[in-house]
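A quick write-up on the structure given underneath.
In this chain, residues are counted from 1 in sequence order. Note that these values count all heavy atoms, side chains included, but never hydrogens, waters or copies made by symmetry.
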Amino acid sequence: MGTQRVLVTGCSSGIGLAVAARLAKDKLRRFRVVATMRDLTKRGPLEEAAGETLNKTLEIKELDACSEASIKDCVSSLPDRRVDVLVNNAGVGMIGPLECQSMAAIKELFDTNFFGLVRLVKEVLPDMKQRQSGHIVVMSSVMGIQGLLFNDVYSASKFAVEGFCESLAIQAMKFNIKTTLVEPGPVVTEFERKVYELAETMDLSGTDEETAKIFRELYLPYSKKVFSSLGQTPEEVAEQTVNVIMAKDPPLRHQTNRLYMPMTALKHADPTGRLPLEAFYKMIFKHDSVFNASLGVLRLLQRRAGKK
């Protein structure tokens, strides 16, 4: 197999930046990376991370996942419009009580997280079909498998992504096109930091007092504990994403965080859905000590794994 052209979206920071830089630095130079972002004025950190690979195995282009014209312009600027691997990473987050979210903000999130993916796939899929080859890699989330408190809208967008890709993957196989959903758990990025920063100061006047209290006094502190115990770095997620790209027979789904797997396994253990619902409810509202003890054990396992 010759050099593969990989188009990566959302490369101004976080996972997208880490994936693009890692692929570009491949010692065997197996990849030509087209690292894209909506705002090219934010290219500084990517240029720094790319180092000597910049304008060699990595080029930076503008691409707005919310604009069909922008996507078409970017893809059409590539030689033969060839995209061997699409890494759809661009996304936005949202947490908080549903009553406090505007419909405009909810639609904007779906426009990026779900419709952005649809626009990109619509643009590259016909050429992949014609060539009878390609790999669509989508940055999903464990929240595309299992909903989480105060993540209603974000989780819904990832559920949509999962359903879209799972359905499309069947057709894609007929044309020798692979599909992979990469499902990270908590990832410590600037993206996440900003989401939680906004959450701590958000206007909760649109909801009742008890819900506001649950969000401020339970959910936000719990989330910080989860991130400090289970959080991965963008580089760790990027390493596993690159491994998926290089795999001869890549999976449809790949969870990047083994420590989070027991939580997602609950869903498959009970088809009625009661087990995960009650487990999460009791963990959050009934057994604070159990929650903290569980995180302590997971933190210990993570440290041991890091020493190996």
Side-chain angles (χ1 to χ4, degrees), residues 3-27 29-67 70-71 74-75 77-78 83-93 109 112-113 116-117 119-120 124 135-142 154 157-158 161 180-198 227 231-246 254 256-257:
T3 303
Q4 290 187 292
R5 184 177 292 120
V6 186
L7 176 65
V8 189
T9 67
C11 293
S12 60
S13 64
I15 296 170
L17 185 154
V19 169
R22 192 170 183 87
L23 286 168
K25 290 176 180 177
D26 177 52
K27 289 178 181 177
R29 297 170 72 91
R30 286 169 287 190
F31 307 102
R32 174 78 188 186
V33 182
V34 182
T36 71
M37 60 188 71
R38 183 171 55 182
D39 183 359
L40 287 177
T41 63
K42 296 181 178 178
R43 61 191 288 160
L46 176 59
E47 289 182 331
E48 189 177 337
E52 292 179 357
T53 68
L54 188 63
N55 298 323
K56 291 175 184 173
T57 54
L58 183 144
E59 59 180 318
I60 301 172
K61 286 184 177 286
E62 183 180 343
L63 186 151
D64 179 358
C66 294
S67 165
S70 173
I71 293 168
C74 181
V75 174
S77 72
L78 306 176
V83 176
D84 298 297
V85 182
L86 169 67
V87 181
N88 181 87
N89 168 72
V92 293
L109 179 141
T112 301
N113 291 8
L117 166 65
R119 291 184 193 101
L120 278 155
V124 303
H135 192 179
I136 297 168
V137 180
V138 179
M139 201 56 62
S140 181
S141 167
V142 291
Y154 178 76
S157 73
K158 293 300 184 181
V161 163
T180 301
L181 288 150
V182 178
E183 298 163 334
V187 185
V188 183
T189 64
E190 186 68 11
F191 169 91
E192 294 287 355
R193 190 187 65 77
K194 283 180 181 176
V195 169
Y196 281 91
E197 211 172 66
L198 287 170
F227 271 83
Q232 290 182 297
T233 65
E235 289 72 26
E236 286 172 324
V237 176
E239 182 180 356
Q240 294 195 43
T241 304
V242 171
N243 288 342
V244 161
I245 290 169
M246 292 193 294
H254 176 76
T256 67
N257 195 329

Worked verdict on Q240 versus H254 for side chain to side chain donor-acceptor pair (under 3.5 Å): CA-CA 9 Å; Q240 294 195 43; H254 176 76; 2.6 Å; yes

Heavy-atom side-chain contact between I60 and L46 under 4.5 Å: yes

Partner set under side-chain contact (heavy atoms from CB on, under 4.5 Å) for V142, not counting sequence neighbours: Q255, Y260, T264

Closest non-hydrogen atom pair, S141 against K158: CB-CG, 4.0 Å

S67 side-chain N/O to D64 backbone N/O, donor-acceptor pair under 3.5 Å: no

K42 side, atom NZ; L17 side, atom CG - distance, nearest 0.5 Å: 13.0 Å

Minimal non-hydrogen separation, L58 against A21, with atom names: CD1-N, 4.3 Å

Flag if over 12 foreign heavy atoms under 6.0 Å of CD, E48: no

Counterpart residues, side-chain hydrogen bond (donor to acceptor under 3.5 Å, both in side chains), relative to D26 (two or more places apart): R30

Flag, side chain of K61 to backbone of S77, donor-acceptor distance under 3.5 Å: no

Check: T36 side chain, V8 main-chain N or O, donor-acceptor pair, under 3.5 Å: yes

Note, R43 side chain near S12 side chain (heavy atom, < 4.5 Å): no

Check: T57 and V33 side chains under 4.5 Å, non-hydrogen atoms: no

Distance-only donor-acceptor check, side chains H135 and T180, under 3.5 Å: yes

Side-chain heavy atoms of V83 within contact of V85, under 4.5 Å: no

Working for side-chain contact (heavy atoms from CB on, under 4.5 Å), residues L23 and V242: CA-CA 7 Å; L23 286 168; V242 171; 3.9 Å; yes

Flag side-chain contact, heavy atom, 4.5 Å: L86 against V137: no

Partner set under side-chain hydrogen bond (donor to acceptor under 3.5 Å, both in side chains) for N88, not counting sequence neighbours: none

Check: E236 side chain, T233 main-chain N or O, donor-acceptor pair, under 3.5 Å: yes

R5 side chain reached by L78 side chain, heavy atoms, under 4.5 Å: yes

Set of side-chain hydrogen bond (donor to acceptor under 3.5 Å, both in side chains) partners for D84, sequence neighbours left out: R82

Straight-line distance of L7 CG to L63 CG, nearest 0.5 Å: 6.5 Å

Audit row: Q232, T256, side chain to side chain donor-acceptor pair (under 3.5 Å) steps and yes/no: CA-CA 9 Å; Q232 290 182 297; T256 67; 2.6 Å; yes

Donor-acceptor contact present, side-chain N113 to main-chain G91, <3.5 Å: no

With V187 via side-chain contact (heavy atoms from CB on, under 4.5 Å) - residues at least two apart: I15, P184, T189, P234, V237

Donor-acceptor pair, side chain of T112 and main chain of L109, under 3.5 angstrom: no

Residues that S13 engages under side-chain hydrogen bond (donor to acceptor under 3.5 Å, both in side chains), provided they are two or more places apart: none

Note, V19 side chain near N89 side chain (heavy atom, < 4.5 Å): no

Minimum heavy-atom distance Y154-G93, with the two atoms named: CD1-CA, 3.9 Å

Close side-chain approach of I245 to F31, heavy-atom, < 4.5 Å: yes

Within 6.0 angstrom of R38 CZ, more than 12 heavy atoms from elsewhere: no

Short side-chain to backbone donor-acceptor contact, R22 and A238, under 3.5 Å: no

Side chain K25, main chain A20, donor-acceptor under 3.5 Å: no

